[in-house]
Every structure is written in C-alpha cells, then in structure tokens.
Amino acid sequence: MMRNGVELLVKRVSAISQRSVSSSFQVLPQFCTSSSSSSSSESPSSKLFIGGLSWSVDEQSLKDAFSSFGEVAEVRIAYDKGSGRSRGFGFVDFAEKDNALSAKHAMDGKGLLGRPLRISFALERVRGGPVVVPRFGKSKRDR
DNA sequence: CGTGAGCGT
C-alpha cells in the first residue's frame, strides 16, 4: 500500500534526474583537469609573456620574429610611461594556442639581439573584474 | 650610465 506509493515517487524522481543530467552537461575545461597534469606548462590562453628582450626591441621586430610560427593576433611591448623606453618585456598573442605553444617551445631560451629570451604564458591584465568590496557601513574610524 | 627580474601605456 504505502510502499507502492513510495516506489512510484522514487521512480519519478529518478526519471527527472536522468533527464536533467542528459540535458545539461557543461563543465569548465580549464578547471577540470583531473587526469591531466596541473602544471604551469599548460596553455590556458594564447597570450605569451616575452621576457629577456633587449631594451631596444620594438613590437615590429617581435612580431616579425614570431609571425613565422603562426598568425600573430597582437604584439605588445611594455614601455615605460615615464621615459618611453621599453621595459625589456612584451606580450605576443597568437591566433591559436597551438601556435603560441609552438612558438614558446621554439623561441624559449633562444637569443634575441644577444639576450636569451624568457617566454611564458601571460597573466591576464584584468584579474578579478569590477569586483568592489565596499565598507559595510564603516567608512573610517574603525581602527 | 652599471640598468635585467618580471606580467602590461
């Protein structure tokens, strides 16, 4: 009597559960590297951090040096705002991560203009977005 | 200048 009712309810829930799972199967590929190695040598993005550059290198030379590995989407050199001279490091964004990975493994440790290159994956410029934590009622005078 | 490890006008 009562048992039948319970079984029916359970069956219905099970069916709904299965349908729900079949409908929604999305996960984040970058944060779900369970079987893969969680090393920094992965390729989370196609932007590369180029270090070890000479202080006289410009974006054109860097792009020319990396454009042979694939389609270069963007090249940027970190310049000093106060003086205008390069800081000796820049960024290269490739159209595909595979190209960036190849370029990294191909030019990392090589010498450009007499200095060894240091290449690694670039950290994004924005690190958290417009997340602002205001003071919850206490502005000043809580010290 | 001797600048040199790092992550951006």
Side-chain angles (χ1 to χ4, degrees), chain A residues 3 5-143:
Chain A
R3 223 190 122 148
V6 170
E7 259 184 37
L8 226 102
L9 188 67
V10 169
K11 276 206 170 193
R12 277 178 73 177
V13 170
S14 207
I16 292 174
S17 206
Q18 274 184 4
R19 197 176 290 176
S20 195
V21 168
S22 273
S23 198
S24 208
F25 215 78
Q26 269 193 352
V27 287
L28 296 186
Q30 291 182 2
F31 294 91
C32 202
T33 49
S34 40
S35 309
S36 272
S37 41
S38 313
S39 257
S40 307
S41 308
E42 272 292 312
S43 132
S45 47
S46 30
K47 205 160 296 184
L48 293 180
F49 169 78
I50 311 297
L53 294 176
S54 188
W55 291 309
S56 313
V57 177
D58 49 28
E59 297 172 335
Q60 245 179 93
S61 307
L62 204 65
K63 184 185 178 177
D64 187 65
F66 281 83
S67 58
S68 62
F69 297 96
E71 185 179 327
V72 176
E74 189 65 63
V75 177
R76 170 123 19 106
I77 298 274
Y79 285 100
D80 187 80
K81 286 176 279 193
S83 272
R85 281 166 277 191
S86 69
R87 292 188 201 177
F89 65 91
F91 303 89
V92 174
D93 185 26
F94 279 86
E96 295 185 21
K97 304 172 210 167
D98 190 55
N99 294 350
L101 207 290
S102 298
K104 180 190 181 215
H105 281 247
M107 294 291 288
D108 187 22
K110 298 298 177 156
L112 186 66
L113 277 74
R115 279 298 190 187
L117 254 58
R118 304 171 99 195
I119 305 182
S120 58
F121 294 103
L123 314 173
E124 198 164 336
R125 211 173 357 137
V126 45
R127 296 190 191 174
V131 175
V132 176
V133 180
R135 293 122 338 239
F136 293 91
K138 296 190 202 173
S139 325
K140 318 167 183 180
R141 229 169 266 277
D142 64 333
R143 206 182 287 212

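A quick note: this is a predicted structure, and the numbers were derived from the prediction, not measured. Residue numbers start from 1 in every chain, and the chains themselves are labelled A, B, ... in the order their sequence lines are given, proteins ahead of strands.
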Roughly, in whole Å, what's the span from CG in A:D108 to C1' in B:dG6?
14 Å

For A:E74 and B:dG8, give me the distance from atom CD to atom P, rounded to whole Å.
16 Å

If you look at every strand shown and take non-hydrogen atoms under 4.0 Å, does A:S54 touch a base, only sugar-phosphate, or nothing?
base

Separation of B:dG6 atom P from A:E124 atom CD, nearest Å, is 22 Å

Any chance the rings of A:F49 and A:F91 have centres within less than 6.0 Å?
yes

Would you indicate which nucleotide in B:dT9, B:dA5, B:dC7 comes nearest to any side-chain atom of A:W55?
B:dA5

Could you say whether A:P116 or A:R87 is positioned toward the 5' end of DNA chain B, judged by the nucleotide with the nearest heavy atom to each?
A:P116

Using heavy atoms to find the nearest nucleotide of DNA chain B for A:F49 and A:L53 separately, return the residue whose nucleotide is more 5′.
A:L53

Proximal nucleotide (of B:dG6, B:dT9, B:dG4) relative to the A:R118 side chain
B:dG6

Looking just at side-chain N and O atoms, do A:S67 and A:D64 make a donor-acceptor pair shorter than 3.5 Å?
no

Does the A:D93 side chain pair with the main chain of A:A73, one donor and one acceptor, at a distance under 3.5 Å?
no

What is the distance, to the nearest angstrom, from the CG atom on A:D80 to the C1' atom on B:dA5?
15 Å

Measure from the side-chain heavy atoms of A:E59 and tell me the nearest of B:dT9, B:dG4, B:dC7.
B:dT9

Atom CD1 of A:I77 to atom C1' of B:dC7: distance rounded to whole Å?
13 Å

How long is the span from the NZ atom in A:K97 to the CG atom in A:L48, to the nearest 0.5 Å?
12.5 Å

Any side-chain N or O of A:R76 below 4.0 angstrom from OP1/OP2 of B:dC7?
no

If I take atom CG in residue A:L113 and atom P in nucleotide B:dG4, what distance separates them, rounded to the nearest angstrom?
19 Å

Measure the spacing between CG of A:D80 and CH2 of A:W55 and express it to the nearest 0.5 Å.
12.5 Å

Would you check if A:F89 stacks with the base of B:dG6, given a 5.5 Å centroid limit and a 30° plane limit, both strict?
no

Regarding A:Y79, tell me which of base, sugar-phosphate or nothing describes its non-hydrogen contacts under 4.0 Å with the strands shown.
sugar-phosphate

Base, sugar-phosphate, or nothing for A:G90, non-hydrogen atoms under 4.0 angstrom?
nothing

Roughly how many Å is it from CG in A:L123 to P in B:dC7, rounded to a whole number?
8 Å

